[in-house]
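The structure appears right after this line, and notes come after that.
Protein chains get the first letters and strands the later ones, always in sequence-line order, with residue 1 at the start of each.
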4 protein chains.
Amino acid sequence: MNNQKPKYHQIIEAAVKVIAENGYHGSQVSKIAKEANVADGTIYLYFKNKEHILVSLFEEKMGEFIERIAKAIEGSDSASDQLYTLIEMHFRQLSSDYYLAIVTQLELRQSNISLRLQINQVLKPYLKVIDGIIQKGIDQHQFKEDLNMPLVRQMIFGTLDEIVTNWVMKEQKYTLVDMVPEIHRMLVSALASK
Amino acid sequence: MNNQKPKYHQIIEAAVKVIAENGYHGSQVSKIAKEANVADGTIYLYFKNKEHILVSLFEEKMGEFIERIAKAIEGSDSASDQLYTLIEMHFRQLSSDYYLAIVTQLELRQSNISLRLQINQVLKPYLKVIDGIIQKGIDQHQFKEDLNMPLVRQMIFGTLDEIVTNWVMKEQKYTLVDMVPEIHRMLVSALASK
Amino acid sequence: MNNQKPKYHQIIEAAVKVIAENGYHGSQVSKIAKEANVADGTIYLYFKNKEHILVSLFEEKMGEFIERIAKAIEGSDSASDQLYTLIEMHFRQLSSDYYLAIVTQLELRQSNISLRLQINQVLKPYLKVIDGIIQKGIDQHQFKEDLNMPLVRQMIFGTLDEIVTNWVMKEQKYTLVDMVPEIHRMLVSALASK
Amino acid sequence: MNNQKPKYHQIIEAAVKVIAENGYHGSQVSKIAKEANVADGTIYLYFKNKEHILVSLFEEKMGEFIERIAKAIEGSDSASDQLYTLIEMHFRQLSSDYYLAIVTQLELRQSNISLRLQINQVLKPYLKVIDGIIQKGIDQHQFKEDLNMPLVRQMIFGTLDEIVTNWVMKEQKYTLVDMVPEIHRMLVSALASK
DNA sequence: CATGAATGAGAATTCATTCAT
DNA sequence: CATGAATGAATTCTCATTCAT
C-alpha cells in the first residue's frame, strides 16, 4: 500500500483488488475500506456512495486506458496502422493488469442499469477514437466510402470486447497479444475498399 | 422438476415479462409468482431456486432460438448464404420479441458469475453452429483455410451481440434487420479466401 | 405472551413494553420483534416501517382511551359532571397502565415531527370531546357564553397533560386520581358563567 | 468552558438558527459549526458534547426569559397583576423570537430523556416565580388558601405551554398576546378565593 | 400438488467526537 | 486557541426459501 497516495486513489486501487478477488457482490464497502487501510466512514469523504466508487474506478482506469491508446495512434498516418495499434494497445493494457481485466470485463457488468449507463458515458471517447480511425480510412480510400459508421464501430468494439472477455473467462490460458495480427487482418479486410 | 406441466411454462413466461418490465434487481420471486398466478411456494415445486428459473428461461428461449437458426441454415449449401441466414434469423427473432431481447441482452447480464457460466453453456450449441459455418466455408474454399476458429467465432458472435445490445439500449429506434446485408458483407470479407 | 392474539396486536403490546423499558431511542426493531416472539421480518408483514408501528400503537391505545371517555360522559347531562368524568377517566386510564403512560407522555414525544403530526391527528377526536363538553356548558349556561373555544380546550388539555407528565416523571409517588376534585373545581371556576 | 468568549455565544446563536431551520434531527454539529463560522473541532473547546450545546442554549435563553419576567412582576403588588404580567411577558417574548419559540416548543422536546431532565432543572426558577405569585395571592386572600400548590403551578404552566405550542404549530396565524386577557381571567377565576 | 405466512441473515451509511498539526 | 480529516459503531429493512396446513 502506498501511503503517499492520496486516499482517493488508495480507495480505488483497493476496490479493484477487492472486486477482482471477491466478485462484485462479495465486495462490501467495509472490505474495500479495510484493504485501503482507511475507516469505513473515510470512503464517504471521497465518494458519495458505493456506486460512485465504481464509476470513479472506471473513469480513472478507462480514462488512462483511452488516453494511452489515443496517444499511441497519433504516431501513425495510416488508418490500418492506427487500427493495429488500437487493437494491440487494447489487449496489451488489459493483459498487463489482470485484476482490472476481471473487473471491467466480468464484475462491473453485473452492476445495475444506472451504473451501466454511466459506464457507457465513460466509454464514449473510446468509441470516438474508433470512429476517427474509420473516418481516416475512408478519407484515405483504404476503407469503403459508404461504410455505416455505427455498425462498423460496433463490429470493432464487439469483436475486441468479446475476445477479451473469453480470454479472461478462460483464465488467460493463452497470450492475448498473439491474436492481434489475425484480428487486424480480418477487420481491415471487412472494411477494405476493394 | 416437471417440464411438461403448464405451470412450468407459465412461470417462465411470467419471469420474462416481470424482468423486462422491472429489471433484474426489481424482479422478486413473489412478483414472478403473482404474474404467473401461482403462490410463491409453488415456484419451488418447479424450480430448485431463483437462479434455476433464469437458467431455465434462457434454456427454453435460447433452445428454440438456436434450433430455428440451425433449421434455417440447413437449406443452403453455401457457407456465405448460411452466415446470411444466421445473421438475419438472429436479428429477426430478437426484433420480434422485444421483452426477450431486453431480458437476454441487458437484464440477465446483471446476474452473478455462476449464472453467467451456465448461460454460456446454453450458448455452446449456437457457437457450434457458427463453427460449422466457418468450417464449411473453409472446406468450400470460400473462407481462408488457416482461420483461427475460436477467434473468428468470437468476432462473429461479438459483432452480432454488440449490435443487438446497442439496438435494445437505443430503444430500437431503427430496424435491426436492415443491417443484415452490410454486416454480412463485412464478415464475409473478413473471412474471404482472397 | 398471548399466542392466540393476531401478531399485529402481539407486536404493538411488545412495542409498548420495550419502549417503556428501554426508551424511544433504545427500542430497536429487533428488540420489539424478540419481545413479540416473531422474526424481525414478520414486523414488516404488519407494519410498513418502524414509524408505522408507533403510529399504530398510538392509534390503537388512544382510540380505546378516547372511546372509553366518550362512552362514560354519555351518562351525564351536566357539562360540569362530564368534565369531572373526563378528568377522572383520563387519569384513571393512564394510572392503570404505567407502561402506556411512560410511552405516551415521555417517549413518543421524542419522535420526529412527521410522527408527532400523525399523533396530533389521532388526538383530534379527544379534543372534539372536550369541545363538546364546553359547548354543552355554554348551552346550559353553566359556562360563560363568550368563551374562546380553542383557548379553553388548550387550557384543559394542557393542564391535564402537564399534570400526568409530572406524575410519570416523579415515578408516580402519589395517586393521580386523588387530584381530580381540585382540578375539576379549578377548571369549572375558570369557565363558570358568574 | 469559557463563557465570556464571543465564540461561545456565536455557537449558541448558530445552534438556535440551525435547529429552527433544520429541525432537531437535521442539526448536525458540523452544520452548527458552519453556521457559526468555526471549525467542527472548535465546538468542543467550548462545549463538552452536543447535548451540552443544547442545555447551554436553553440555559442562556431561558435564563434571560425568566429574569425578564421576574423583573417585570416586581413592579406590581397584586398577585393577579403579577400573573397578568407573567402571561403577557411569556407570550411576548416567544412571539418576538420565532426561532427560539420553534426550538423550545417543538425541537428540543425531541431530545432524549437525559436532556429533558436537565431542561426541567433550568425551568425550576420559572416555576418558583409562579409559586411565588400563587403564595402572594393566598397571602393577599385573592386566591383560595387551601390551593394545592404543585397542582396549580402545573395548571398554569401547562396551559401557557400548550397554548404557545399550538400557536407555533399553527405557524402563528394569530396574535398570541391578544389571548392574554382571557387566559388571565380564566386562571384567576380558577384560583379565586370565592 | 398448492398455498402463503413466517423466517432471519446480511450491508450501506451517518455523524458525534478526536487529535495531529 | 483553532482546525478539519479521519474514525467506526450502530441499525433498518429486503427477499429467497421453508413448511405446516
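Residues passing the ring-ring contact (aromatic ring centres under 6.0 Å, His included) test with His25(C): none are found, sequence neighbours excluded.
Backbone-only engagement by Tyr46(A) is indicated by non-hydrogen atom pairs under 4.0 Å involving sugar-phosphate atoms exclusively. Counting any heavy atom pair closer than 4.0 Å across all strands shown, Lys7(B) reaches sugar-phosphate atoms only and no base atom.
A donor and an acceptor atom, one from each side chain of Glu13(B) and Gln10(B), are nowhere located under 3.5 Å apart.
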Could you run through nucleotides 16-21 of chain E and give me one letter per nucleotide, 5' to 3': B if any protein heavy atom sits under 4.0 Å from the base, S if only the sugar-phosphate is that close, - if neither?
-> SBB---

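The shortest side-chain heavy-atom distance between Met169(C) and Arg116(D) does not fall under the 4.5 Å cut-off. The side-chain heavy atoms of Val55(B) and Ile119(B), taken from C-beta on, include no pair separated by under 4.5 Å. In this structure, Leu94(B) and Phe65(B) have side chains that are in contact, with non-hydrogen atoms separated by less than 4.5 Å. Side-chain contact between Ile102(D) and Tyr98(D) is present, with at least one heavy-atom pair separated by less than 4.5 Å.
Minimum atom distance to the side chain of Ala39(C) is reached by dT7(E), of the listed dT7(E), dA2(E), dC1(F). Comparing dA6(E), dA2(E), dG4(F) by their closest approach to the side chain of Leu45(C) singles out dA6(E).
Stem analysis of DNA chain E (at least three stacked-register Watson-Crick or G-U pairs, each with both distances under 3.5 Å) gives E:2-21 with F:2-21.
With rounding to whole Å, Leu54(C) atom CG is found 13 Å from dT12(F) atom C1'.
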